[in-house]
Amino acid sequence: MHDAAPLMEMSDISIQFGLVPALKQVNLSIGRHEVLAIVGDNGAGKSTLVKIMSGLIHPASGTLFWKGKEVSIPTIRAAAQLGIAAVFQSQDFCDNLDVSANLFLGKELTNKHLRRNDEAMQKKSREILHSLSAAIRVGQPMSSLSLGQKQTVSIARTLLNNPDLILLDEPTSSLSVMQTAEILSYIKRMKSEGRSVVMICHDLPDVFAVADRIAVMRQGRLVSALNTAHTSYETIIALLSGMDPGEVMNEQEHRDALTNITARTQALKGTRTLPLNEPREQESV
Ligand SMILES: Nc1ncnc2c1ncn2[C@@H]1O[C@H](COP(=O)(O)OP(=O)(O)OP(=O)(O)O)[C@@H](O)[C@H]1O
């Protein structure tokens, strides 16, 4: 494994559902300690891409690298073993159980007599919620939680295995302004703990509030992946609406986007070390 390699690299990833090409030769890297937002219209391929990262579906072609090493991610369990955890939109909770029991749903801790160890689960749940600064009591019934608090529990669940990469599918959709602010603060906190986060998001203010880079997808292609600090709402909207990257990017964006692919390939082969903050483009068309 190469410490300087990106956390994950997706190279030439394609997949088709029947006659529908959902992803077409997508090249995308996820840096260490990076928040990457994926934006795009309905059907652009965002969820499919994230499902491939999470082991839910498998690409028809292309290669995945994890910390510089080629991997396949055939199952969610394989993803978890690598250090990848995901929150998808439909989360199953048991409303009759408390927060701690829901956090450990399907992964219950047991004592030496193989009985469920509620005390240990509550202790760990408290630690995780505290690490997020979430104001939720572990003994609270799930049914008493707001939508935002349920989303918090979903995110807390991902932290059980101490993952390096957390995948969030529209984590702020349907949330109030305050709830959204809370979820965004958790994303920042996870990054500050050294994790990387990939989030699919339709809301550009949320994207600009937390993302280090923004990957724009359209019709199964990655149009561009831009440093948030060097781009604007106008550029992202223009890319989303189908304009050519060359037409809408400013000089700095161009510089980011043109960082040469050879360096990236050399880094993958271990022959050159890319600094972590160096943009890893061309992650585009
Ligand atoms: N299981 C599937 N079977 C058939 N077609 C699928 C399947 N999953 C996705 N697709 C198709 O693949 C394309 C990409 O879908 P995907 O869900 O990845 O897009 P998306 O960008 O996440 O869209 P949305 O924002 O609406 O969730 C779409 O045309 C979609 O209809």
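Read the numbers this way: they start at 1 and go in the same order the structure lists the ligands and their atoms.
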For [atom], what's the nearest protein heavy atom and its distance?
atom	value
atom 19 (O) of ligand 1	G45 N, 3.2 Å
atom 16 (P) of ligand 1	T48 OG1, 3.6 Å
atom 14 (C) of ligand 1	G43 O, 3.4 Å
atom 25 (O) of ligand 1	K46 NZ, 2.8 Å
atom 27 (O) of ligand 1	S47 OG, 3.7 Å

If I apply the N/O under 3.5 Å rule, does [X] come out as touching ligand 1?
X	answer
E170	no
A22	no
F17	no

Under 4.0 Å from a heavy atom of [X]: which atoms of ligand 1 are those, numbered in the order shown and with their elements?
X	value
D41	21 (O)
V20	29 (O)
A44	19 (O), 20 (P), 21 (O)

Check your understanding: Backbone, side chain, both or neither: what part of H202 comes under 4.0 angstrom of ligand 1, heavy atoms only?
Key ->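 Near ligand 1, H202 shows its side chain, while the N, CA, C and O stay back.
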**Study point:** Residues E127 and K123 bridged, charged N to O under 4.0 Å
**Key:**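 Looking at E127 and K123, the cut-off is met.
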Check your understanding: Does some side-chain heavy atom of L159 sit less than 4.5 Å from a side-chain heavy atom of M190?
Key ->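 The answer is yes; the side chains approach within 4.5 Å.
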